[in-house]
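One structure follows; several queries about it will come next.
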Amino acid sequence: MNDQNQTLDTKKLPKHIAIIMDGNGRWAKSKNKNRMIGHKEGVKALKNVIKTCIDINIECLSAYTFSTENWKRPEKEVSFLMNLLEIMIEKEKKDLKEKNVKVNIIGNKEKLSKNLIKKIELLESKTNDCTGMILNLMINYGSRNEIINAVNQIKNDKNLSDKTITEEIFRNNLYTKTLPDPEIVIRTSGEKRISNFMLWQISYSELYFTDTLWPDFSQKELLDILTDYQDRNRRFGGL
Ligand code: FPP
C-alpha cells in the first residue's frame, strides 16, 4: 500500500466502484504504438485495479469492458478485443477463484461467440460460490438495452404485467438486480460523459473524471480517488 492509503478511512469505503476504462487507443498513439497494444496494457491496468480492490476489501467492482456501441469499431479491433477477453478469462480464472472473487458477466450475451459464451459460463459457474469481492465485467453492455430488456421482462411476466410498476420491481429486472448501486463512477481519459453506462444505477453516484489514460491508471490514483470520495458530502437530495 502507498502512503495515500494511510489517509483512507477503511470504514468509509464505497461498497461498489464502477469504472469506465477509456483511453487505450490514445495511450498507444502517444507512444507511436498500435491501438491493440493499448488494449493489452489496459488489461494489465484492470488486473492491477482488481488486485487493489481485493486488498482494500471492496465488495463490488464493475468494469465497462465492451459496450453495445463498441461493435461499430473496425472488425479487426472488435475481434482483437473479443480474443483478448477470451485469453484474459482463460488466464485469470484460477487466480480469481483462489482470491475468492465471484465473477458476473453483465450484458447481452446473444451477440457473443459460442466459444466466448462457453468460457464466460465456465468462469461464472467456477466462481459462483466465491464469497469475496464481486467482479462485474460488463460485456456487450448498454444501459438502454438493459432498461428495454427489463421493461420487456416485466411485460412478459404474468405476475407483474398487470401491476403498477414500482422502483423495486424495475430494479429487480435489471442485470444488476442483486448488486448495490455504485457509490462512485470513475472515468479515465479526460472524457466527461457517461456513455450509456448504468444509467439507472448511478442516479446518486459520485462521479470522478481523470485525464489519466486507462493503461496508466495506477493503484495510487485509485486510492487518491477514494480519499477524495470520502471527503464528499453525499446528500441524496436531502440537506
Ligand atoms: C477504451 O479505450 C477501452 C475499450 C473499448 C475496451 C476496454 C477494456 C479494456 C482495456 C480492458 C480489458 C479488456 C478486455 C477485452 C479484457 P479506447 O479504445 O476507447 O481508447 P481511445 O478512446 O483512446 O481510442
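Owing to the predicted nature of the structure, the values given are computational and were not obtained by experimental measurement. Start at 1 and go down the list; that is how both ligands and their atoms are numbered. As a basis for the values below, the full set of heavy atoms in this structure was taken, side chains included, without hydrogen atoms, waters or symmetry mates.
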Quiz item: ligand 1 and Trp214, any nitrogen or oxygen pair closer than 3.5 angstrom?
Solution: no
Self-check item: Protein contact to atom 4 (C) of ligand 1 [nearest heavy atom, distance to 0.1 Å]
Solution: Asn24 ND2, 4.0 Å
Quiz prompt | Proximity of Met21 to ligand 1 by residue part, where a heavy atom lies under 4.0 Å | solution = both
Quiz item: Does the distance from a Lys or Arg side-chain N to an Asp or Glu carboxylate O, for Asp22 and Arg26, drop under 4.0 Å?
Solution: yes
Quiz item: Does the side chain of Gln153 pick up a donor-acceptor pair with the side chain of Asn173 at under 3.5 Å?
Solution: yes
Self-check item: Reference residue Asn196; test side-chain hydrogen bond (donor to acceptor under 3.5 Å, both in side chains); the match among Arg144, Glu69, Glu146
Solution: Glu69
Quiz item: Side chains of Asn104 and Asn136: do they bring a donor and an acceptor to under 3.5 Å?
Solution: yes
Quiz prompt | Asp181 and Trp200 side chains, donor-acceptor separation under 3.5 Å | solution = no
Exercise. Give yes or no for whether the N/O distance cutoff of 3.5 Å, strictly under, is met between Val43 and ligand 1.
Key: no
Quiz item: Is the closest heavy atom of Ser189 to ligand 1 under 4.0 Å?
Solution: no
Quiz item: What do you reckon, does Arg73 have a nitrogen or oxygen under 3.5 Å from a nitrogen or oxygen of ligand 1?
Solution: yes
Exercise. Could you tell me if any non-hydrogen atom of Arg35 lies under 4.0 Å from any atom of ligand 1?
Key: yes
